[in-house]
Amino acid sequence: MIRLDLPLCGPILTTLELVRGLPSRHDRFASLLWGAPGTGKSHALDLIALELTGSKFAIEHFNGQDVAVDVVRNWKERGCYGNLFSKWTVKRIDELDCASVAAQAALLSWLDYLPPFYAVLATTNNYREMCRVDKGRLPRRFTQYQVEAPSTIAAAEYLQMQFKMPPAVAHQIAVGARPEGELEGVNMGAAVEDAFAIVAARRQAA
């Protein structure tokens, strides 16, 4: 579960501000964040969705596997009605690459006719696969941002600050959360989970 009360760490902070600026320039938009797992993509878009709507009831969350053609068709048919809780309506999609090719095509077509005050906020860990099948349509529909992982140093400093950990322990967690074969970038989702587990274990032992 994403802890929205925790601050973000690393390059995602810059991306967060860029996406935050979109509603001031557009009355409807679609944004796609892509990159390795654990860089804060979902966390950032969940924050933006709440800031934009002011209500969790104006946000629908989906995994790409659940975005079928009939789901997109339903969005298109009901788009003119908006919602009862906010001026804005947000569709939040994680792992968009897991949607079928047909569903991705239907979504991209719908984005051409997105109703006013609608935002589609999506993430993918497999951008290359999406580009392989989309035939150049992604850049025309989505404002896209690649999100790099935070460095080991930045991740360790974050863990020290947020979890009051000794530098050596924080560094060890950060190094352990680097994906296999990765020399620098840290999966912050994994690092935070490890930090919470260590804090919980210490409380039980106390």
Do the side chains of Ile59 and Leu32 join up, straight or via other hydrophobic residues, at under 4.5 Å, putting them in one cluster?
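Cluster IDs for Ile59 and Leu32 differ.
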State plainly whether one hydrophobic cluster holds both Leu114 and Val71, where clusters connect Ile, Leu, Val, Met, Phe, Trp and Tyr through side-chain heavy atoms under 4.5 angstrom apart.
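As far as the 4.5 Å side-chain criterion goes, Val71 and Leu114 are connected within one cluster.
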Is there side-chain contact between [X] and [Y], with at least one heavy-atom pair below 4.5 Å?
X      : Y      : result
Leu107 : Phe142 : yes
Tyr118 : Asn83  : no
Met165 : Ile198 : yes
Leu8   : Leu16  : yes
Val90  : Leu52  : yes
Leu45  : Arg92  : yes
Thr53  : Thr89  : no

Distance, nearest 0.5 Å, that separates CG of Leu96 from CD of Gln104:
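Result: 5.0 Å between the selected atoms.
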Between NZ on residue Lys41 and CD1 on residue Ile12, distance to nearest 0.5 Å
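If we round to the nearest 0.5 Å, Lys41:NZ and Ile12:CD1 are 8.0 Å apart.
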Apply ring pair (Phe, Tyr, Trp, His ring centres under 6.0 Å) to Tyr113 and Trp75, showing your working.
CA-CA 11 Å; Tyr113 305 96; Trp75 293 349; over 10 Å; no
With no hydrogens and no angle check, do the side chains of Tyr127 and Gln144 hold a donor and an acceptor under 3.5 Å apart?
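Note: Tyr127 and Gln144 side chains meet the donor-acceptor criterion.
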According to the salt bridge (Lys or Arg N to Asp or Glu O under 4.0 Å) rule, which pairs have a member within residues 70-90, sequence neighbours left out?
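Pairs touching residues 70-90 that pass the test: none.
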